[in-house]
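Working notes, beginning with the structure itself.
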Amino acid sequence: MLKNISTGSSTLSRYILAEQRNYPEASGDFTIILEQIAFAAKLIGREVNKAGIANIVGSLASSNIHGETQQKLDVFANTNVIQALDHLGLLSGMASEEIEDIIPIPDKYPTGKYLAVFDPLDGSSNIDVNVTIGTIFGIFKKLGEPGDACPADFLQKGRTLVCAGYVIYGSSTMFVYSTGCGVNGFTLDPSVGEFILSHPDIMIPEHGKIYSANEGNFEKWSPEIQKYITDLRNNKERTYSARYIGSLVADFHRNLLKGGVFLYPGDKKNPKGKLRLLYEAMPLAFIIEQAGGRAVDGVTDILDIMPDDIHQRVPLIIGSKNEVDMFMRYVSGG
Ligand code: FBP
């Protein structure tokens, strides 16, 4: 944790500024980008909190590029993240899980050297039943020439992320991020409208006691994955509990703090699983590695996968190192 910064008194802005002072060459761009994402998160969190009473739950007639019905809040969240970032002069383009093409910077604004990728409202199929949902984001540097981004600019390994984070809209709203110097969590104090440092230097326990998977898919999994889950259930040395919310940010956040493994593997019908590499897996893999955990697709570490499409799906096994290593031993036959 940074010197002279204590929990309960440091706002997100103050923390980012202090972090920035460790890098004399830093321009302050991140401070602006992260503050803007935090602002969008406050707007999204406000709508999420009143979702039941306002006419904002439910579906729109439109569907997104994955053929899923778009929830109204999905569209609201997507618009707000874009509007928070498009005018800064710091980005050369954005890519959202909700939009087929990359999102250009409007001509009236200057471009910059960063690229933003995001899932504006992860777990949105849970909105109508008041389950915790979240926003996931990652920031890359645009490689090559400055100016407007093209889709190929986004095809970078997760190792090149310069920042990643998520916001969780739960019983409180939390902003968790990393710029590659550890992971810190900030809780929104609604009375002052500020994110306050509440979870400094988050480290995931090396061994976890929770496994999170949609066991409704058990019969579709490979025998190796079935054996992994069966052995976790029957483990004699360590008692495992199953916990699955079905909302990635919520499942991830719990396991990050308590230790455990989340898995959404591929199966025969969908060998690449359900989750998206760029918008979900990479940012969370960046966070988990910074917190001492591991994320894999069953063959490779997530951060070492080179995407070939911005909307690519990927199997995701993420969490405490011990349980992810164990998964790799099962699927590699080791
Ligand atoms: P959406 O982006 O459509 O919300 O899908 C992602 C997600 O909801 C994740 O948050 C969650 O981990 C997963 O799907 C749950 O899938 P399933 O219902 O198949 O278990």
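Note that ligands are numbered from 1 as they come in the structure, with each ligand's atoms numbered from 1 the same way.
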Flag [X] as yes when one of its N or O atoms lies below 3.5 Å from any N or O atom of ligand 1, and as no otherwise.
X	value
Asn217	no
Ser124	yes
Phe262	no
Asn126	no
Gly123	yes

Could you tell me if the ring centre of [X] sits under 6.0 Å from that of [Y]?
X	Y	value
Tyr114	Phe30	yes
Phe252	Tyr166	yes
Tyr15	Phe186	yes

- prompt: If you measure from each non-hydrogen atom of Leu248 to ligand 1, which part falls under 4.0 Å: side chain, backbone, both or neither?
  reply: both
Which of the atoms of ligand 1 are close to [X], meaning less than 4.0 Å from one of its heavy atoms?
X	result
Gly246	8 (O), 11 (C), 15 (C)
Ser247	10 (O)
Tyr264	16 (O), 17 (P), 19 (O), 20 (O)
Asp122	6 (C), 9 (C), 10 (O)
Tyr244	15 (C), 16 (O), 17 (P), 20 (O)
Asn214	17 (P), 19 (O), 20 (O)

- request: Report yes or no: is the cationic atom of Arg233 (NZ for Lys, CZ for Arg) closer than 6.0 Å to the six-membered ring centre of Phe218, at no more than 45° off its axis?
  value: yes
query: If you measure from the Lys or Arg side-chain nitrogens to the Asp or Glu carboxylate oxygens, is any gap between Glu47 and Lys42 under 4.0 Å?
result: no
- prompt: Hey, does the side chain of Asn270 reach the backbone of Asp267 with a donor-acceptor pair shorter than 3.5 angstrom?
  reply: no
- request: Check Ile225 against Pro265 and note the closest heavy-atom contact, atom names and distance.
  value: CD1-CB, 3.6 Å
- prompt: With hydrophobic residues grouped by side-chain heavy-atom distances under 4.5 Å, do Val167 and Ile32 end up in a single group?
  reply: yes
